[in-house]
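Inspection log for the structure reproduced underneath, given as structure tokens.
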Amino acid sequence: QVQLVESGGGAVQAGGSLRLSCAASGYTGRSYCMAWFRQGPGKEREGVASIYTVLGITAVADSVKGRFTISQDSAKNTLYLTMNMLKPEDTAMYYCAAIAAINWKCSMEGRAYNYWGQGTQVTVSS
């Protein structure tokens with residue numbers, strides 16, 4: 001059973017930066033897709049970035065491209081989301097998710113993932 005625990009959220013002013021972490025445990029040795037999602041107040045859940053852990057292949061949503069970066073530290077079993085040039089519209093609960101991967105094309109649809117963390121809140125003020 002994969003367990004995911006996010007941390008690193010907080011309050012920041014527009015233009016600032018944060019790095020979210022997702023500590024993973026319970027892996028079986030298979031390859032995984034891992035992703036970050038967010039859900040802002042009154043908004044639908046949105047896929048932000050994904051990574052195919054074995055090869056480190058990443059994808060980032062257009063809404064955050066050039067500002068957010070997904071990365072991993074395999075030795076620490078930790079996923080990161082580095083967020084720069086934050087905007088008030090980035091305010092949301094951010095979730096880490098994982099699924100055993102079939103191939104390197106990792107989805108950014110929430111329904112594709114079956115392991116989820118509890119979330120960490122990011123609040124960006126103007």
Side-chain angles (χ1 to χ4, degrees):
Q1 182 78 4
V2 175
Q3 294 183 324
L4 305 171
V5 179
E6 302 97 331
S7 61
V12 63
Q13 289 190 328
S17 299
L18 283 173
R19 189 178 77 160
L20 305 183
S21 300
C22 172
S25 60
Y27 283 125
T28 62
R30 299 177 62 179
S31 58
Y32 284 83
C33 283
M34 296 191 72
W36 287 98
F37 292 84
R38 67 183 182 184
Q39 188 163 19
K43 297 182 181 180
E44 294 187 354
R45 182 173 57 194
E46 174 189 17
V48 174
S50 66
I51 186 168
Y52 178 56
T53 59
V54 171
L55 298 179
I57 297 173
T58 63
V60 179
D62 288 342
S63 59
V64 302
K65 194 164 291 183
R67 300 189 298 122
F68 289 14
T69 303
I70 187 170
S71 61
Q72 62 178 343
D73 184 332
S74 299
K76 295 181 180 179
N77 283 338
T78 301
L79 181 73
Y80 300 103
L81 183 69
T82 303
M83 306 184 293
N84 297 318
M85 296 181 288
L86 282 161
K87 304 175 181 179
E89 51 263 44
D90 294 320
T91 294
M93 185 71 79
Y94 283 73
Y95 299 91
C96 172
I99 181 72
I102 298 174
N103 57 52
W104 61 268
K105 296 179 180 179
C106 294
S107 172
M108 280 205 280
E109 295 288 335
R111 60 177 180 264
Y113 292 80
N114 59 355
Y115 299 110
W116 291 84
Q118 83 289 348
T120 186
Q121 177 68 37
V122 172
T123 302
V124 185
S125 59
S126 57

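- Residues satisfying the side-chain contact (heavy atoms from CB on, under 4.5 Å) test with Glu44, not counting sequence neighbours, are none.
- Residues satisfying the side-chain contact (heavy atoms from CB on, under 4.5 Å) criterion with Glu89, sequence neighbours excluded, are Lys43, Lys87.
- Qualifying side-chain hydrogen bond (donor to acceptor under 3.5 Å, both in side chains) partners for Ser63, counting only residues two or more places apart in sequence or in other chains: Glu46.
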Legend entry - Test side-chain contact (heavy atoms from CB on, under 4.5 Å) applied to Gln118 and Glu6, step by step: CA-CA 7 Å; Gln118 83 289 348; Glu6 302 97 331; 2.9 Å; yes
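- The closest side-chain heavy-atom distance from Met34 to Tyr115 is not below 4.5 Å.
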Legend entry - side-chain contact (heavy atoms from CB on, under 4.5 Å) evaluation trace for Met83 with Val48: CA-CA 11 Å; Met83 306 184 293; Val48 174; over 6 Å; no
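- Considering only heavy atoms from C-beta on, Val60 stays 4.5 Å or farther from Thr69 through its side chain.
- Counting only residues at least two apart or on different chains, no disulfide (SG to SG under 2.5 Å) pair has a member in residues 53-90.
- Ser17 pairs by the side-chain hydrogen bond (donor to acceptor under 3.5 Å, both in side chains) definition with Asn84, not counting sequence neighbours.
- Listed by first and then second residue, the salt bridge (charged side-chain N to carboxylate O under 4.0 Å, His left out) pairs that reach into residues 53-65 are Asp62-Lys65, sequence neighbours excluded.
- A chain of hydrophobic side-chain contacts below 4.5 Å, direct or via other Ile, Leu, Val, Met, Phe, Trp or Tyr residues, connects Leu4 to Trp36.
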What donor-acceptor contacts under 3.5 angstrom involve side-chain atoms of residues 91-102, with partners at least two apart or in another chain?
unit_1	atom_1	unit_2	atom_2	d
Thr91	OG1	Pro88	O	2.9
Thr91	OG1	Val124	N	2.9
Thr91	OG1	Val124	O	3.4
Tyr94	OH	Arg38	NH1	2.9
Tyr94	OH	Asp90	O	2.6

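- The side-chain hydrogen bond (donor to acceptor under 3.5 Å, both in side chains) analysis of residues 47-59, with sequence neighbours excluded, yields no pairs.
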Inset, instruction - Please assess Val122 against Leu20 for the test side-chain contact (heavy atoms from CB on, under 4.5 Å), listing each intermediate value before the final yes or no. - result: CA-CA 9 Å; Val122 172; Leu20 305 183; 4.0 Å; yes
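- Residue Tyr80 shares its hydrophobic cluster (ILVMFWY side chains chained together at separations under 4.5 Å) with no other residue.
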Kindly list each side-chain donor-acceptor pair under 3.5 angstrom involving residues 103-114, sequence neighbours excluded, with atom names and distances?
unit_1	atom_1	unit_2	atom_2	d
Asn103	OD1	Lys105	N	2.8
Ser107	OG	Glu109	N	2.8
Tyr113	OH	Ser107	O	2.4

